[in-house]
Asks: 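Shown below is the structure under consideration.
Side-chain atoms are counted along with the backbone in the values below, which use heavy atoms only and exclude waters and symmetry mates. Remember, it's a predicted structure, so these values are computed and weren't measured experimentally. In what follows, residues are counted from 1 in the order of the sequence shown.
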Amino acid sequence: MPTIVPAFARIGEENAFAVLARATALAAEGRDIINLGIGQPDFPTPPHIVEAAVKALRDGHHGYTPATGILPLREGVAADIHRRLGVTVSPDAILIVPGGKVTMFAAILMFGEPGAEILYPDPGFPIYRSMIEFTGATPVPVPIREENGFAFSAEETLGLITPKTRLLILNSPANPTGGVTPKAEIDKLVAGLARHPDVAILSDEIYGQMLYDGEEHVSLLTYPEIRDRLILLDGWSKTYAMTGWRMGFSVWPAPLLDAARKLAVNSYSCVNAAAQWAGLAALTGPQDCVAAMVAEFDKRRRIVVEGLNGLPDISAATPKGAFYAFPNVSRTGWKAKPLANALLEQAGVAVIGGPDFGILGEGYIRLSYANSAENIRKALDRMGNFLSENQPG
């Protein structure tokens, strides 16, 4: 048998897709499954975005584009960043990528090697740690604690930086917790990073337009003192219900942009041409679709939080962003992953066990409220019945 390089023995995956596959298989057997597992808006992509892609195909946009993305789209991203954040970014600093993961992949490849350390949120998106381990670098968890409102602590984060630290990954609003780190904490972190000028920063802001209760998104792009080492990750998947379009963008500091471009040339060449025109229509067209989706998520969020806190031995902090709840299930006596498996197999409710998001995820499960209010209520009833009738074991 051919032998692949040892690094592939270290690479992980995103278990939400495994849960999705199992839920789909059970549904195919005739089971009634409510999926609160996958992080995907349940809304269709708005029609004007779809029509822009159709028009692009009819207009003959069938070929390669520049590896960095078409100029009108990069200009559109720059204008959108200025509109939302009040920050001026050159279109030449923007890379259009096939989904948000590509930016993580590129940034971690640039800085990850044996002997290096990379800091990442825990619990956090599982691909961070997977890619860090793939490169041979040492993953260093930045604890994301419930008692801290699921925000990162600037003091704790800064205390984890060593001379070996090459990259710091941040995520707010956060997956899987729904936590939002307040501006005062981010101010403190940025001030402390002045003592570590060789540490690059990857800020994952893919949920930056999904906030509730008057919270405002604080982008790391608004701090000029770190712009020369900041990589911004964002995209269309969550904001515009475009997960399957594979559309993301990143903003790169000048010293790193060409390396990112070369990775694009060596891997995917360019992003689908018609999808890029759809992305431009999303940014330049009406934004009421975004507001409507967020308003609906907010209604569901309230249902989820109230319902979870009414279940036996479960408590749920109120998420401030994204579309996830991360309830504490430690008092049920169940370990998180066995509970998630049992809820799917026996109650027909797909959720994700907290350990799939990191070593600090034990005692929690993640629920996505990107499903209808009716289905969410049904799922909560099923969970309550299961917990009342089943003991851990």
Asks: Just by distance, do the side chain of Ser172 and the backbone of Ala174 share a donor-acceptor pair under 3.5 Å?
Replies: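 Side chain of Ser172 to backbone of Ala174: no pair is present.
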Asks: Is the closest side-chain heavy-atom distance between Phe105 and Ile127 below 4.5 Å?
Replies: no
Asks: Just do the side-chain hydrogen bond (donor to acceptor under 3.5 Å, both in side chains) check on Asn175 and Arg366 with the steps written out, would you?
Replies: CA-CA 9 Å; Asn175 175 14; Arg366 190 192 77 173; 2.8 Å; yes
Asks: Side-chain contact test, heavy atoms from C-beta onward, threshold under 4.5 Å: evaluate it for Pro139 versus Glu133 and give yes or no.
Replies: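 They are in contact (side-chain heavy atoms under 4.5 Å apart), so the answer is yes.
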Asks: Would you check if the side chain of Asn15 reaches a backbone N or O of Ala18 as a donor-acceptor pair within less than 3.5 Å?
Replies: no
Asks: Atom CD1 of Ile231 and atom CG of Leu220: how far apart are they, to the nearest 0.5 Å?
Replies: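 Nearest 0.5 Å value for the CD1-CG distance: 11.5 Å.
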Asks: Calculate, to the nearest 0.5 Å, the distance between atoms CZ and CE belonging to Arg246 and Met242 respectively.
Replies: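 It is 10.5 Å, given to the nearest 0.5 Å.
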Asks: Looking at side-chain heavy atoms only, is the closest gap between Ser330 and Tyr364 below 4.5 Å?
Replies: no
Asks: Testing His62, Lys55, His61 for side chain to side chain donor-acceptor pair (under 3.5 Å) with Asp59, which one passes?
Replies: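 Testing Asp59 for a side chain to side chain donor-acceptor pair (under 3.5 Å) against His62, Lys55, His61 leaves exactly one candidate, Lys55.
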Asks: Working to the nearest 0.5 angstrom, can you tell me the gap between Leu168 CG and Arg229 CZ?
Replies: 9.5 Å
Asks: Considering residues, nucleotides and ligands other than Glu345, do more than 12 of their heavy atoms fall under 6.0 Å from its CD?
Replies: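 Result for CD/Glu345: enclosed.
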Asks: Kindly say whether Lys262 contributes a backbone atom to a donor-acceptor pair with the side chain of Asn266 at under 3.5 angstrom?
Replies: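 The answer is yes, because a donor-acceptor pair under 3.5 Å joins these two groups.
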Asks: Determine whether the aromatic ring centres of Phe323 and Tyr207 lie less than 6.0 Å apart.
Replies: yes
Asks: So do Leu85 and His217 actually touch side chain to side chain, heavy atoms under 4.5 Å?
Replies: yes
Asks: Are a donor atom and an acceptor atom from the side chains of Ser130 and Glu13 found within less than 3.5 Å of each other?
Replies: no
Asks: Using a 3.5 Å distance criterion without hydrogens, assess whether the side chain of Asn309 forms a donor-acceptor pair with backbone atoms of Val305.
Replies: yes
Asks: Which heavy atom of Gly354 sits nearest a heavy atom of Ala336, and at what distance?
Replies: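 Scanning both residues, the minimum pair turns out to be N-CB, 3.9 Å.
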Asks: Between Thr45 and Ala241 (side chain of the first, backbone of the second, donor and acceptor by atom type, cut-off under 3.5 Å), is there such a pair?
Replies: yes
Asks: Would you say that more than 12 heavy atoms from the other residues, nucleotides or ligands in this model lie under 6.0 Å from the NZ of Lys238, or not?
Replies: yes
Asks: Is the shortest heavy-atom distance from the side chain of Ile352 to the side chain of Ile365 under 4.5 Å?
Replies: no
Asks: Would you say the rings of Phe326 and Phe150 are close, in the sense that their centroids are separated by under 6.0 Å?
Replies: yes
Asks: Looking at Asn371, is its backbone amide N or carbonyl O close enough to the side chain of Asn375 to form a donor-acceptor pair, meaning the two atoms are under 3.5 Å apart?
Replies: no
Asks: May I ask whether Leu73 and Val87 are part of the same hydrophobic cluster, defined by side-chain heavy atoms of I, L, V, M, F, W, Y residues being less than 4.5 angstrom apart, directly or through others?
Replies: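 Yes, same cluster.
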Asks: I'd like to know whether the aromatic ring centres of Phe8 and Phe134 sit less than 6.0 Å apart in this structure.
Replies: yes
Asks: Looking at Asp213 and Glu215, would you say the former's side chain and the latter's main chain have a donor-acceptor pair under 3.5 Å?
Replies: no
Asks: Step through it carefully: locate the ring centre of Trp245, locate the ring centre of Tyr240, and say whether they are under 6.0 Å apart.
Replies: no
Asks: When clusters are formed by joining ILVMFWY residues with side-chain heavy atoms under 4.5 Å apart, either directly or through shared neighbours, do Trp334 and Val351 land in the same one?
Replies: yes
Asks: Nearest 0.5 Å, what's the CD-CG distance between Glu362 and Asp356?
Replies: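 Answer rounded to 0.5 Å: 10.5 Å.
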Asks: Backbone N or O of Gly348 within a donor-acceptor pair of the Arg382 side chain at under 3.5 Å?
Replies: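 Answer holds: yes.
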Asks: So do Pro41 and Thr243 actually touch side chain to side chain, heavy atoms under 4.5 Å?
Replies: yes
Asks: Kindly determine whether Tyr212 and Val294 satisfy side-chain contact (heavy atoms from CB on, under 4.5 Å), including the steps that lead there.
Replies: CA-CA 8 Å; Tyr212 313 103; Val294 173; 3.9 Å; yes
Asks: Measure the shortest side-chain to side-chain distance between Leu360 and Ile144 over non-hydrogen atoms and say whether it is less than 4.5 angstrom.
Replies: no
Asks: Are Trp236 and Ile70 connected into the same hydrophobic cluster when the rule is that any two of I, L, V, M, F, W, Y join if their side-chain heavy atoms are below 4.5 Å apart?
Replies: yes
Asks: For Tyr128 and Asp122, run side-chain hydrogen bond (donor to acceptor under 3.5 Å, both in side chains): C-alpha distance rounded to whole Å, both residues' side-chain angles, the deciding distance at 0.1 Å, then the answer.
Replies: CA-CA 10 Å; Tyr128 303 144; Asp122 188 331; over 6 Å; no
Asks: Quick one, Leu380 with Arg377, criterion side-chain contact (heavy atoms from CB on, under 4.5 Å). Give me CA distance, side-chain angles, the key distance, then yes/no.
Replies: CA-CA 5 Å; Leu380 290 166; Arg377 288 190 177 98; 5.5 Å; no
Asks: If you draw a 6.0 Å radius around CD in Glu389, do more than 12 non-hydrogen atoms from other residues or ligands fall strictly inside?
Replies: yes
Asks: For atom CD of Glu306, is the number of surrounding heavy atoms from other residues, nucleotides or ligands below 6.0 Å larger than 12?
Replies: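 No, the 6.0 Å shell around CD holds no more than 12 heavy atoms from other groups.
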Asks: For residues 109-120, please give each side-chain donor-acceptor pair under 3.5 Å, one per line with the distance, not counting sequence neighbours.
Replies:
from	atom 1	to	atom 2	distance (Å)
Glu113	OE2	Arg166	NH1	3.1
Glu117	OE1	Thr162	OG1	2.8
Tyr120	OH	Arg129	NH1	2.5

Asks: Do any side-chain atoms of residues 91-103 form donor-acceptor pairs under 3.5 angstrom with protein atoms, and if so which ones, sequence neighbours left out?
Replies:
from	atom 1	to	atom 2	distance (Å)
Lys101	NZ	Glu14	OE1	2.8
Thr103	OG1	Ser250	OG	3.4

Asks: How many angstroms lie between CG in Asp234 and CD in Glu205, if you round to the nearest 0.5 Å?
Replies: 6.5 Å
Asks: About how many Å separate OG1 of Thr135 and CZ of Arg10, when rounded to the nearest 0.5 Å?
Replies: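 Here the rounded value is 7.5 Å.
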